S.K.: 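Next up is a structure, given as structure tokens.
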Protein chains: 4
Amino acid sequence: MPISREPTTAEGAAPRGRPRDAGRDAAILDAALQVLTEVGYDQMSVESVAARAGVAKTTIYRRYSDKAAVVVAAVEHRAPASVPRVRSDDLRGALLQVVRWLAREIAEQEVGLLGALFAGMRSDPGLAAGMRRLLHRDEAAMADTSFGKVLARGDRLTPGAAELFAEIAPAVIVHRIVVTGKPCDPAFLEHLVDDILLPLFQRK
Amino acid sequence: MPISREPTTAEGAAPRGRPRDAGRDAAILDAALQVLTEVGYDQMSVESVAARAGVAKTTIYRRYSDKAAVVVAAVEHRAPASVPRVRSDDLRGALLQVVRWLAREIAEQEVGLLGALFAGMRSDPGLAAGMRRLLHRDEAAMADTSFGKVLARGDRLTPGAAELFAEIAPAVIVHRIVVTGKPCDPAFLEHLVDDILLPLFQRK
Amino acid sequence: MPISREPTTAEGAAPRGRPRDAGRDAAILDAALQVLTEVGYDQMSVESVAARAGVAKTTIYRRYSDKAAVVVAAVEHRAPASVPRVRSDDLRGALLQVVRWLAREIAEQEVGLLGALFAGMRSDPGLAAGMRRLLHRDEAAMADTSFGKVLARGDRLTPGAAELFAEIAPAVIVHRIVVTGKPCDPAFLEHLVDDILLPLFQRK
Amino acid sequence: MPISREPTTAEGAAPRGRPRDAGRDAAILDAALQVLTEVGYDQMSVESVAARAGVAKTTIYRRYSDKAAVVVAAVEHRAPASVPRVRSDDLRGALLQVVRWLAREIAEQEVGLLGALFAGMRSDPGLAAGMRRLLHRDEAAMADTSFGKVLARGDRLTPGAAELFAEIAPAVIVHRIVVTGKPCDPAFLEHLVDDILLPLFQRK
DNA sequence: AAATAACCGAGACGGTACGTCAAGTCTTGAG
DNA sequence: CTCAAGACTTGACGTACCGTCTCGGTTATTT
């Protein structure tokens with residue numbers, strides 16, 4: 001959530017003064033993402049992000065109100081949430097594919113985001129809300145994909161399968177990574193699909 | 001994980017010098033737990049814990065290497081994991097009861113612990129391991145309770161029901177609280193039991 | 001010896017970033033001097049200096065590496081070594097006047113400096129050197145005053161009288177104050193002049 | 001100034017309990033003297049003295065009220081103030097001999113003592129008094145030596161020569177060592193005798 | 001062509017907390 | 001009562017970030 005210069009509405013309000021350098025936007029967010037995944041949320045200092053981006057600290061704080069806001073933006077920036085395309089005739093295969101993608105996604109970046117979330121939950125509820133919105137966005141994005149359509153087939157699956165998936169799959173994966181500390185290897189993912197998701201979706 | 005004076009093994013090593021004041025141990029951990037749940041992990045300062053415990057900062061650092069270590073010890077100290085007793089003839093009622101207890105437990109203290117976990121994951125893997133061990137302990141404790149016995153009845157339930165419960169219930173609850181940001185109200189808990197847990201346990 | 005930003009030489013090196021506030025420089029050194037003379041070297045805490053100067057502790061540590069360095073700078077800052085003007089035709093009067101000034105000077109500030117010198121002698125020889133340089137500066141300053149010219153009159157006084165004065169007068173005064181613990185009252189100063197300095201300077 | 005067990009008066013009060021180990025007294029003072037001369041007054045920690053003496057910190061604090069008191073005692077312990085014997089018929093030789101001894105004495109131990117003196121001057125005037133008494137004691141001891149008798153020969157020297165010597169010689173030597181930072185080499189000591197002391201004592 | 005406004009790098013600044021160290025006191029157990 | 005060991009309080013140390021601010025200097029648009 002960058003501190004935007006443009007008023008939410010209107011086009012006419014021509015921005016005055018020197019415009020922000022878009023190249024720096026990218027550099028900042030890339031650097032933030034790197035540092036975040038390398039050292040974790042609270043070992044990540046704004047100063048180190050600035051250094052790696054080759055940018056002054058001011059340039060970051062002009063765009064983002066907060067260290068946490070930088071993290072949100074960084075994750076938002078990178079995650080196009082490109083849910084992989086799946087074949088509609090193979091439910092198990094589709095689930096496996098998506099679950100695999102989800103696990104990699106979470107391990108790589110969302111762990112950092114969750115750290116920020118925990119850190120900011122009490123202090124800055126508005127920010128927490130922002131992060132939640134971001135996390136929620138990805139779930140919503142699924143509905144419009146081929147995978148979303150597979151889960152929405154009311155004739156063969158439990159109604160509400162999509163919601164169930166969004167509720168359970170990320171939760172169990174995060175739990176696995178953070179709490180258990182074990183990797184999301186293929187065996188685990190098959191277990192997730194075969195012993196949890198499929199039984200729930202296919203019950204008569 | 002306090003900085004113990006006694007070598008792990010051996011009995012003979014008579015402790016020399018003035019022994020640590022056990023009263024202060026308790027005071028520190030109680031204070032830490034209070035502050036932790038009040039303001040969250042990284043708003044919690046060691047100094048404030050010391051102040052509330054009526055103890056000098058050094059007295060804390062003599063026992064614990066780190067702020068994070070204090071948190072682990074604090075949660076470990078308090079959590080007797082007193083799973084409520086349940087009736088063996090009412091599976092749904094038992095699940096509801098335990099899930100309700102679990103939700104309260106997580107909301108009250110484990111959120112803080114998880115924050116510490118995120119904070120310390122990269123920097124101090126040994127510490128992270130400690131926290132995981134702690135979280136795992138509670139799950140293990142369930143096996144010996146009346147509830148554990150209910151889930152272990154292989155004749156009527158899916159085998160491995162206990163493991164499934166430990167894998168899913170906490171995950172979904174944490175996800176609800178942290179990621180979704182919504183409270184674990186009765187409606188949600190019933191949903192968790194009726195739409196997720198029961199179907200999984202009773203299938204065939 | 002402040003941590004200077006400007007390279008010692010060169011003019012071209014344009015200072016970048018926000019310049020240091022000169023007002024704060026003065027405030028810090030004044031405060032340091034006050035606290036130093038009030039409570040002595042090792043009762044003086046950097047924090048108290050910061051408080052009195054109305055400045056953050058970090059602002060002091062940005063300028064000076066050390067508590068000791070603050071003291072050197074403080075004394076250096078204040079001491080303009082304004083040797084009083086003397087009449088050239090009255091040697092005894094001139095000596096008395098200068099010795100009186102010297103005694104007050106030493107009692108008021110150099111005692112603090114000497115404390116710092118003792119403290120830093122072993123640990124930081126560079127710092128000790130700085131303080132010595134500073135003390136030496138004052139002696140050198142005398143040569144250019146009316147008093148210096150009086151002592152330099154080779155026709156009537158022992159050659160090297162100026163050096164002798166610098167060697168003996170401060171030494172005896174410091175010894176009186178610190179070792180003996182007695183005040184430098186007029187009687188003592190007259191004794192110093194009549195029984196020590198004059199006889200040495202006027203011997204044929 | 002050790003904290004004595006015996007009441008000032010009376011002999012009868014038989015000391016009860018385990019008597020103090022006299023060997024430890026010496027160990028403490030020796031260790032203190034070593035550390036003091038090695039690292040200077042305020043780099044010297046009571047704990048390090050205890051460690052080197054092979055003694056518990058308590059054992060030191062039972063004997064001495066203060067770190068500074070330890071230093072006084074340590075210097076007092078070692079300094080037998082054995083002024084060298086001099087020949088009465090050679091004034092210059094006698095002066096040189098004593099001045100040489102004095103310079104070594106000061107360089108080796110009194111510098112540490114002076115550090116303690118500066119440190120304790122403001123905070124504990126009673127202690128400062130103790131140190132002064134100690135320093136004064138050495139001067140007094142001189143009066144009874146062969147050297148003292150040489151200076152007391154009123155027929156050929158200025159009356160009060162002994163006092164003058166005590167006032168000037170240590171002062172100039174300390175000034176040389178501490179303020180100037182230069183060593184008291186033979187050339188300097190000859191200068192001190194020939195250009196300062198002898199002229200003062202032999203005038204008229 | 002100026003004037004204006006915002007950008008950018010660099011770094012000072014006030015704060016808050018960190019984790020460490022030493023001084024001096026207190027509390028055990030053993031002798 | 002002494003001694004060793006070490007816990008304990010207190011207070012200062014010097015460091016690291018955070019988020020704000022103030023410089024000199026750089027683009028853009030607007031007059």
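Order of the sequence lines sets the chain letters (A, B, ...), proteins ahead of strands, with each chain counted from 1. Values in this document were obtained by computation on a predicted structure and should not be read as measured data.
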S.K.: Counting only pairs under 3.5 Å, give me each side-chain donor-acceptor contact of residues 51-61 of chain C, with atom names and distances, residues two or more places apart or in other chains.
M.R.:
{"from": "C:Arg52", "atom 1": "NH1", "to": "C:Gln34", "atom 2": "OE1", "distance (Å)": "2.8"}
{"from": "C:Arg52", "atom 1": "NH1", "to": "C:Glu38", "atom 2": "OE2", "distance (Å)": "2.9"}
{"from": "C:Arg52", "atom 1": "NH2", "to": "C:Glu38", "atom 2": "OE1", "distance (Å)": "3.2"}

S.K.: Can you tell which of F:dT10, E:dC8, E:dC13 lies closest to the side chain of C:Arg63?
M.R.: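 Nearest nucleotide to the side chain: E:dC13.
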S.K.: Atom CD1 of C:Ile28 and atom P of E:dA12: how far apart are they, to the nearest Å?
M.R.: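 Nearest whole value for this atom pair: 12 Å.
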S.K.: Can you name the nearest heavy-atom pair linking C:His77 to C:Leu29, along with the distance?
M.R.: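 Answer, listing the atom of C:His77 first, then C:Leu29: CB-CD1, 3.4 Å.
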S.K.: Hey, are the side chains of D:Tyr64 and D:Ile28 touching, using non-hydrogen atoms and a 4.5 Å cut-off?
M.R.: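 Counting from C-beta outward, D:Tyr64 and D:Ile28 do come under 4.5 Å.
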S.K.: Does this structure show an ion pair linking B:Arg20 with B:Asp25, if we count only N-O contacts that are shorter than 4.0 Å?
M.R.: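 Salt bridge absent between B:Arg20 and B:Asp25.
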S.K.: Mark up nucleotides 17-22 of chain F, 5' to 3', with B wherever a protein heavy atom is under 4.0 angstrom from a base atom, S wherever such an atom reaches only the sugar-phosphate, and - elsewhere.
M.R.: SSBBBB
S.K.: Of all the heavy-atom pairs spanning D:Met44 and D:Val71, show the shortest one and how long it is.
M.R.: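 So the minimum-distance heavy-atom pair works out to CE-CG2, 3.7 Å.
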S.K.: Quick one: closest heavy-atom pair of B:Ser48 and B:Val35, and the distance?
M.R.: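 Where B:Ser48 meets B:Val35 most closely, the heavy atoms are OG-CG1, 3.8 Å.
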S.K.: Ignoring backbone atoms, test whether C:Arg16 places a side-chain nitrogen or oxygen under 4.0 Å from the OP1 or OP2 oxygen of F:dG25.
M.R.: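 Checking C:Arg16 against F:dG25: no side-chain N or O falls below 4.0 Å of OP1 or OP2.
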S.K.: How many Å lie between CD1 on D:Ile60 and P on E:dT25, as a whole number?
M.R.: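 From D:Ile60 CD1 to E:dT25 P: 13 Å.
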S.K.: On the nucleotide E:dA12, are OP1 or OP2 found under 4.0 Å from the side-chain N or O atoms that C:Arg20 carries?
M.R.: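 For E:dA12, OP1 or OP2 has a side-chain N or O of C:Arg20 closer than 4.0 Å.
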S.K.: Describe the nucleic acid contact of A:Gly54 in one word from base, sugar-phosphate, nothing, applying a heavy-atom distance below 4.0 Å.
M.R.: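 Contact class for A:Gly54: sugar-phosphate only.
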S.K.: Tell me what B:Arg62 touches on the nucleic acid: a base, only sugar-phosphate, or nothing, going by heavy atoms under 4.0 Å.
M.R.: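 Here B:Arg62 touches the bases of the nucleic acid.
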